[in-house]
Asks: 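Please read through the structure below; I'll follow up with questions.
Labels below follow one simple rule: chain letters A, B, ... track the order of the sequence lines, proteins then strands, and each chain is numbered from 1. All values reported here derive from a predicted model rather than from experimental measurement.
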Amino acid sequence: MASSTTVGGAGVSLLGAPPAPPATPSRRRPLHGKGKAIGLSLVMTYLSIIVLIPLAAVVWHSQSNGFSGFVHAVTTPEAASTLKLTIYSSILVAAINMVMGTAIAWVLVRDKLPGRTFLDTLIDLPFALPTIVAGLALLTVYGPNSPLGVNLAYQRAGVVVALLFVTLPFVVRTVQPVLMELDTEMEQAAASLGAGPGTIFVRIILPNMFPAMAAGTALAFARSMSEFGSTVLISGNIPFQTQVASVHVYNQLESDNVAGAAAVSTVLLIVSLVVLVALDMLQRWAARRG
Amino acid sequence: MASQTAATVRRVGVRATVRTVVLVYLTLLLVFPLALVLFKTFENGVAPVIDSLTTASTQHAIQITVVVAFWAVVANTIFGVTAALLLVRHTFHGKRTLNALIDLPLAVSPVVVGLSLVLVYGRLTGVGRALAGIGINVIFSIPGMVMATIFVSIPLVVRAVAPVLEEIGDDQEQAAATLGAGPVQTFRRITLPSIRGALAYGVVLALARSLGEYGAVAVVSGRLVGRTQTLTLLVQERYQNFDQQTAYASAFLLVLTAVIALLVSRLLRPKELKS
């Protein structure tokens with residue numbers, strides 16, 4: 001179960017840090033001690049220069065007009081509407097992913113569909129594809145010149161479709177390994193005792209898959225909250241209508257409102273952290289449960 | 001017997017429904033949009049595609065993209081192997097924190113990544129001015145773009161290498177050390193050959209991510225056409241300037257790269273990661 005929140009699809013653990021691997025116990029020679037010290041300082045310096053100091057600077061600048069300034073910056077009508085849109089569409093996207101991702105994983109594992117390998121590779125494509133290309137592709141199909149006659153450009157539905165595209169693999173890749181390991185014996189036993197497919201699904205499959213589904217859904221939610229590239233072209237970035245939080249941050253920065261950009265960024269960082277912590281707790285809980 | 005047949009029929013019905021819904025969903029969301037990019041790219045034949053990919057600005061964008069991705073991947077490979085060795089082979093205070101920190105970049109919005117770098121290394125900051133004083137411009141320039149690309153792809157090599165390091169154990173490393181090999185020799189002769197596949201896998205993932213980064217690079221590059229414009233930035237800029245041919249051709253190039261990276265990574269993926 002521990003592997004359930006590390007998405008193996010793109011080979012990447014996506015958010016939930018896998019439990020720190022236990023160090024191989026061994027007698028260490030002094031040289032290794034020195035190597036460890038050098039390695040550790042190298043790694044910490046690198047992370048500090050690239051990640052930690054810059055992120056600290058974001059939080060720092062969000063408070064440059066004091067806490068009340070921070071609250072004001074994230075509650076201006078534009079910021080509030082952009083955050084609301086981002087949160088609502090992320091919840092919707094996460095929910096759709098929970099259902100569709102599980103269904104896709106089920107088809108990949110249980111359904112003897114011809115061309116499953118192709119389908120399986122296809123699922124990883126949204127992770128491999130640059131987000132701007134995803135946006136362009138979706139705008140081509142669901143834009144003003146849509147061959148399907150469906151124009152979602154500059155609408156909230158367009159934002160949702162873009163988010164669905166980039167988050168597609170998360171639930172699939174967390175649920176798939178669990179489904180593969182799930183023994184069909186239990187289901188057969190239940191069937192022989194007279195349980196219908198519905199009962200079997202609700203009583204046996206669903207409880208086993210739930211931690212993985214929740215983890216994948218949380219990952220999809222976090223990704224939706226922070227997504228930028230895929231929404232740029234299709235959303236049109238209309239304030240109060242289709243502008244998502246990261247685009248709002250971008251615009252604030254362009255118009256030299258650094259404190260405002262940092263404030264909304266800090267809210268996004270807090271959401272990410274909450275999801276990370278929740279995932280970690282979920283993982284520990286699932287591991288304890290066995 | 002009759003009820004069992006009914007149950008079987010119902011089950012087959014459910015199976016067909018789920019399958020159909022999944023296939024329609026994937027077609028509408030993935031297959032059709034990507035197929036249409038392909039169609040739009042070659043709508044007017046191959047010649048205009050080649051023309052738009054060989055203009056000076058596209059060539060420059062390709063060059064910038066490759067240079068930035070190259071340095072980011074080199075840096076993250078060195079970092080990734082070091083961090084994986086630390087996490088797997090050593091115990092130290094704050095190991096859990098370091099482990100969590102490595103995944104943090106994946107949870108940060110690309111725009112926030114860009115903003116965070118601008119706030120520290122921008123031209124109006126102390127650090128930025130000091131670096132400019134010795135001739136290094138970070139923001140609106142290549143170094144900043146490399147840093148942004150490093151930021152977003154930090155975990156990829158670590159997470160590819162660490163499980164394999166754990167799997168192989170350190171028996172051989174111990175034996176080599178006992179026989180008098182120094183740490184560098186042990187690493188080159190024992191550790192590196194056994195993690196080669198996983199390392200290549202991590203590098204391919206990092207490379208794909210680096211070549212395709214958009215948001216973080218958009219912020220730190222300043223989108224200076226002809227100077228700091230990468231291929232992803234070119235796609236957006238060309239599309240918005242109604243040069244659809246170049247936009248689609250560049251997008252096609254990126255799709256092609258992504259597909260190749262995906263297929264190569266599938267081949268390289270270490271067995272223990274193949275769930």
Side-chain angles (χ1 to χ4, degrees), chain A residues 8 10-15 17 20-21 23-24 26 29 31 35-36 39-40 42-43 46-47 50-51 53-55 57-58 61 100 103-104 107 111 113 121-122 124-125 128-133 136-138 140-141 164-165 177 196-197 222 226 228-229 246 249-250 253 261 265 268 272 276, chain B residues 7 11 14 18-19 22 25 29 32-34 36-37 40 79 82-83 86-91 95-96 99-101 103 105-107 109-112 115-117 119-120 147 150-151 156 159-160 166 169-170 174 183 201 205 208 212 214-215 232 235-236 251 254-255 258 261-262 269 273 275:
Chain A
V12 189
S13 91
L14 281 146
L15 266 177
T24 334
S26 57
R29 287 155 27 115
L31 254 178
K36 179 170 101 174
L40 202 54
L42 186 79
V43 163
Y46 189 86
L47 281 178
I50 305 276
V51 179
I53 296 172
L55 287 184
V58 172
H61 278 271
M100 287 315 297
I104 294 168
V107 168
D111 199 1
L113 194 67
T121 310
L122 196 68
D124 280 337
L125 209 50
L129 216 59
T131 50
I132 193 75
V133 175
L136 179 66
L138 291 171
T140 311
V141 177
L164 283 175
F165 183 100
S226 62
F228 175 68
S246 55
V249 171
Y250 188 88
L253 183 62
S265 297
L268 290 178
S272 302
L276 271 178
Chain B
R11 185 175 295 189
V14 169
V18 173
R19 181 191 281 195
V22 162
Y25 185 75
L29 198 58
F32 196 45
L34 290 176
L36 213 57
V37 168
K40 282 276 188 183
F79 167 82
T82 313
L86 276 173
L87 286 175
V88 177
R89 293 279 188 265
H90 297 278
T91 38
K95 185 165 160 176
R96 251 188 78 185
N99 195 45
L101 276 181
D103 280 337
L106 291 174
S109 170
V111 179
V112 179
L115 171 70
S116 74
L117 291 170
L119 290 181
V120 177
M147 288 173 84
I150 289 175
F151 192 134
L156 299 173
R159 295 302 175 216
E166 209 171 335
D170 68 345
Q174 292 281 325
Y201 172 63
L205 293 181
Y214 170 75
T232 51
V235 170
Q236 181 246 338
L254 287 164
V255 173
L262 193 62
R269 191 189 299 179
L273 288 178
S275 30

Asks: What part of A:L253 gets closer than 4.5 Å to chain B, counting heavy atoms only: side chain, backbone, both or neither?
Replies: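 For A:L253, the contact with chain B is made by the side chain alone.
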Asks: What part of B:P110 gets closer than 4.5 Å to chain A, counting heavy atoms only: side chain, backbone, both or neither?
Replies: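 For B:P110, the contact with chain A is made by backbone and side chain together.
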Asks: Using the rule side chain to side chain contact (heavy atoms under 4.5 Å, CB included), only one of B:V112, B:V120, B:L119, B:L115 pairs with A:P54; which is it?
Replies: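 One option only clears the test, and that one is B:V120.
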Asks: Side chain, backbone, both or neither: which part of A:L42 has an atom under 4.5 Å from a heavy atom of chain B?
Replies: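 The side chain, not the backbone.
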Asks: How many angstroms lie between CG in B:L106 and OG in A:S272, if you round to the nearest 0.5 Å?
Replies: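 These two atoms lie 10.5 Å from each other.
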Asks: Going by heavy atoms in the side chains, are A:D111 and B:V22 under 4.5 Å from each other?
Replies: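 With C-beta onward as the side chain, the pair stays apart.
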Asks: Between chain B and each of A:I50, A:L138, A:V58, A:V249, count heavy-atom pairs under 4.5 Å; write down the option with the most.
Replies: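 Max contact count across the listed options: A:I50.
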Asks: Run the side-chain contact (heavy atoms from CB on, under 4.5 Å) test against B:A83 and tell me which residues pass, sequence neighbours left out.
Replies: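 Applying side-chain contact (heavy atoms from CB on, under 4.5 Å) to B:A83 gives A:V43, B:F79, B:I102, B:V158.
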Asks: Which pair of non-hydrogen atoms, one from B:R159 and one from B:D103, has the smallest distance, and what is that distance?
Replies: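 Reported closest heavy-atom pair: NE-OD1, 3.1 Å.
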Asks: Looking at chain A, which one of B:V235, B:I150, B:V37, B:L117 has the largest number of heavy-atom pairs inside 4.5 Å, strictly under?
Replies: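 It is B:I150.
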Asks: Looking at B:L254, B:L29, B:T82, B:V18, which makes the most heavy-atom pairs under 4.5 Å with chain A?
Replies: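 Most pairs with chain A among the choices: B:L29.
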Asks: Among the options B:A258, B:G212, B:P33, pick out the one with the most heavy-atom pairs lying under 4.5 Å from chain A.
Replies: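 Heavy-atom pair counts peak at B:P33.
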Asks: Quick one: ring pair (Phe, Tyr, Trp, His ring centres under 6.0 Å) partners of B:Y214, sequence neighbours excluded?
Replies: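 Checked B:Y214 against ring pair (Phe, Tyr, Trp, His ring centres under 6.0 Å); matches are A:F228.
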Asks: Under 4.5 Å from any heavy atom of chain A, what part of B:A261 do you find: side chain, backbone, both or neither?
Replies: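 For B:A261, neither part sits under 4.5 Å from chain A.
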Asks: Measure A:Y46 against the heavy atoms of chain B and call it side chain, backbone, both or neither at under 4.5 Å.
Replies: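 Interface part for A:Y46: side chain.
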Asks: Rounded to the nearest 0.5 Å, how far does CG of A:L125 lie from CZ of A:F165?
Replies: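 These two atoms lie 6.0 Å from each other.
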Asks: What part of A:L268 gets within 4.5 angstrom of chain B, counting heavy atoms only: side chain, backbone, both, or neither?
Replies: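 When you check distances to chain B, only side chain atoms of A:L268 fall under 4.5 Å.
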